[in-house]
Student: 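Before I ask anything, here is the structure I am working with.
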Amino acid sequence: MTTRARGAVDAVDAFRALHHGDAPLVLPNVWDAVSARAFADAGFPALATSSSAVAATLGYADGEDTPPGEMFAAVARIVRAVDVPVTADIERGYGLAPREIAERLLEAGAVGCNLEDSEPAARGLADPGRQAERLAAVCAAADGRLLVNARIDTYLRGADDPPAAAVERGRLYAAAGAECVFPIAAPPDHLPVLAARIGAPVNALCRPGSPSPAELGALGASRVTFGGSLHDRAAAAVAELAAGLHGGRGRL
């Protein structure tokens, strides 16, 4: 194993261990080098990117509108800016084959990724068996150097029984090699059952009005992320600043 490969394994092992602590791993979702440095300097032990926030920063809409080369370049800039592990939100993988997904993530220096199980063209859910095969292929190509967080979209896409479907998919994805599962938009009071029945670390989404990261952890979340909400707060602050300065009458 090369020195670079050994370093990648060490970094992902450290990131992996953070999913199994006494408290949930709280991962701020960042969008550029400046935001990444701010959260790393605040003491967070690892960071995640937000696909929607990175897309907005690059001038694209969310939903795989960003060219993959630009998305992975943005991830690489964020990784270079900080000394903590960074995992990347890459939506469904931008149409790339599993091996190329793994290779591009590793080239960017990421320690992991989110992969979601929606089918953008059909606006529905991917077949769970095919999604599990895709996840397994990414994990095999990464050879232990990436932690895959499998996003489960049953609560977003109108599944007949979202919690039952999330459990079924979560078990399949964990068996395929995903080391964390993300039933996005699951109500907080569903977390205890999801965590117990899936039997793998569960990522919960913290958003305005939701329980705090510590409270989500007490409900069963092993990992807490924020989606695009942190970028939304920052963008709102910039808009307020711009409005106050418009016309030359405002002050900093």
Side-chain angles (χ1 to χ4, degrees), residues 16 18-21 23-27 29 48-52 62-64 87-93 98 101 112-139 146-229:
R16 186 173 284 126
L18 293 171
H19 291 71
H20 300 279
L25 168 60
V26 180
L27 283 174
N29 294 92
T49 67
S50 160
S51 63
S52 63
D62 192 26
E64 300 214 320
T87 185
D89 177 1
I90 55 168
E91 304 187 68
R92 270 196 55 74
I101 288 173
C113 68
N114 276 18
L115 282 169
E116 61 195 55
D117 65 356
S118 288
E119 292 280 12
R123 295 186 179 277
L125 289 163
D127 176 80
R130 288 198 298 270
Q131 180 70 2
E133 291 173 359
R134 181 171 170 80
L135 293 168
V138 173
C139 292
L146 295 171
L147 187 150
V148 173
N149 183 37
R151 202 180 92 174
I152 302 168
D153 287 1
T154 59
Y155 288 90
L156 292 180
R157 298 298 183 182
D160 291 338
D161 187 345
V167 169
E168 176 190 2
R169 288 170 180 264
R171 288 175 172 172
L172 274 175
Y173 300 164
E179 296 181 66
C180 189
V181 297
F182 184 14
I184 189 170
D189 61 357
H190 287 200
L191 289 174
V193 171
L194 293 173
R197 294 184 62 194
I198 293 172
V202 169
N203 188 150
L205 181 66
C206 185
R207 50 189 172 180
S210 77
S212 70
E215 290 167 334
L216 291 170
L219 289 169
S222 297
R223 163 171 158 163
V224 176
T225 52
F226 301 83
S229 64

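Only heavy atoms go into these numbers, but all of them, side chains included; no hydrogens, no water, no symmetry mates. Note that the coordinates shown come from a computational prediction; the quantities given were computed from them, not determined experimentally.
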Student: Nearest heavy-atom pair of L146 and G112: which atoms, and what distance?
Tutor: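 So the minimum-distance heavy-atom pair works out to CD2-N, 3.7 Å.
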Student: Looking at R197, is its backbone amide N or carbonyl O close enough to the side chain of R171 to form a donor-acceptor pair, meaning the two atoms are under 3.5 Å apart?
Tutor: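 Judged by distance alone, yes, a pair lies under 3.5 Å.
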Student: Might you point out which heavy atoms bring A166 and T154 nearest each other, and give the distance in Å?
Tutor: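 Shortest heavy-atom contact: CB-OG1, 3.6 Å.
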Student: If you round to the nearest 0.5 Å, how far is CD of E179 from SG of C139?
Tutor: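 Rounded to the nearest 0.5 Å, the SG-CD separation comes to 7.0 Å.
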Student: What I'd like to find out is whether the side chain of I90 reaches to under 4.5 Å of the side chain of E116, using heavy atoms alone.
Tutor: no
Student: How many angstroms lie between CD1 in I184 and CZ in R207, if you round to the nearest 0.5 Å?
Tutor: 7.5 Å
Student: With a 4.5 Å heavy-atom cut-off, do T87 and T49 have their side chains touching?
Tutor: no
Student: Heavy atoms, side chains only, cut-off 4.5 Å: are C180 and H19 in contact?
Tutor: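 Yes. Closest side-chain heavy atoms under 4.5 Å.
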Student: Please check this pair: side chain of D153 against backbone of L156, looking for a donor-acceptor N/O pair closer than 3.5 Å.
Tutor: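 No, because the side chain of D153 does not come within donor-acceptor range (under 3.5 Å) of the backbone of L156.
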Student: Between V224 and P24, what is the shortest heavy-atom contact and its length?
Tutor: CG2-CB, 4.1 Å
Student: Got a second to check how far I152's CD1 is from L125's CG, nearest 0.5 Å?
Tutor: 10.0 Å
Student: How many angstroms lie between atom CG of L191 and atom CG of L216, to the nearest 0.5 angstrom?
Tutor: 6.5 Å
Student: Any side-chain heavy-atom pair from N114 and F182 closer than 4.5 angstrom?
Tutor: yes
Student: Under 4.5 Å between any side-chain heavy atoms of P201 and V181, yes or no?
Tutor: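 P201 vs V181: side chains apart.
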Student: Evaluate salt bridge (charged side-chain N to carboxylate O under 4.0 Å, His left out) for D117 paired with R151, printing each intermediate quantity in order.
Tutor: CA-CA 6 Å; D117 65 356; R151 202 180 92 174; over 6 Å; no
Student: For V167 and L194, which heavy atoms make the closest approach, and how far apart are they?
Tutor: CG2-CD2, 3.9 Å
Student: Does the pair R157 and S118 meet the rule for a side-chain contact (heavy atoms from CB on, under 4.5 Å), with working shown?
Tutor: CA-CA 8 Å; R157 298 298 183 182; S118 288; 3.0 Å; yes
Student: To the nearest 0.5 Å, what is the distance between SG (C206) and CZ (R223)?
Tutor: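 Separation between the atoms: 14.0 Å.
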Student: Looking only at heavy atoms, which two atoms of P128 and Y173 are closest? And how far apart?
Tutor: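 Shortest heavy-atom separation between P128 and Y173 comes out as O-CE2, 3.7 Å.
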Student: Heavy atoms, side chains only, cut-off 4.5 Å: are E91 and D62 in contact?
Tutor: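 With C-beta onward as the side chain, the pair touches.
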Student: Looking at G227 and L205, what are the two nearest heavy atoms and their distance?
Tutor: N-CD1, 3.6 Å
Student: Roughly how far apart are S210 OG and F226 CZ, rounded to 0.5 Å?
Tutor: 8.5 Å
Student: Would you find more than 12 non-hydrogen atoms of other residues, nucleotides or ligands less than 6.0 Å from D161 atom CG?
Tutor: yes
Student: What I want to check is whether the side chains of R92 and Q131 have a donor and an acceptor closer together than 3.5 Å.
Tutor: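 On atom types as modelled, these side chains qualify, holding a pair under 3.5 Å.
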Student: Sort out for me which residue in N203, D89, T225 forms a side chain to side chain donor-acceptor pair (under 3.5 Å) with N149.
Tutor: N203
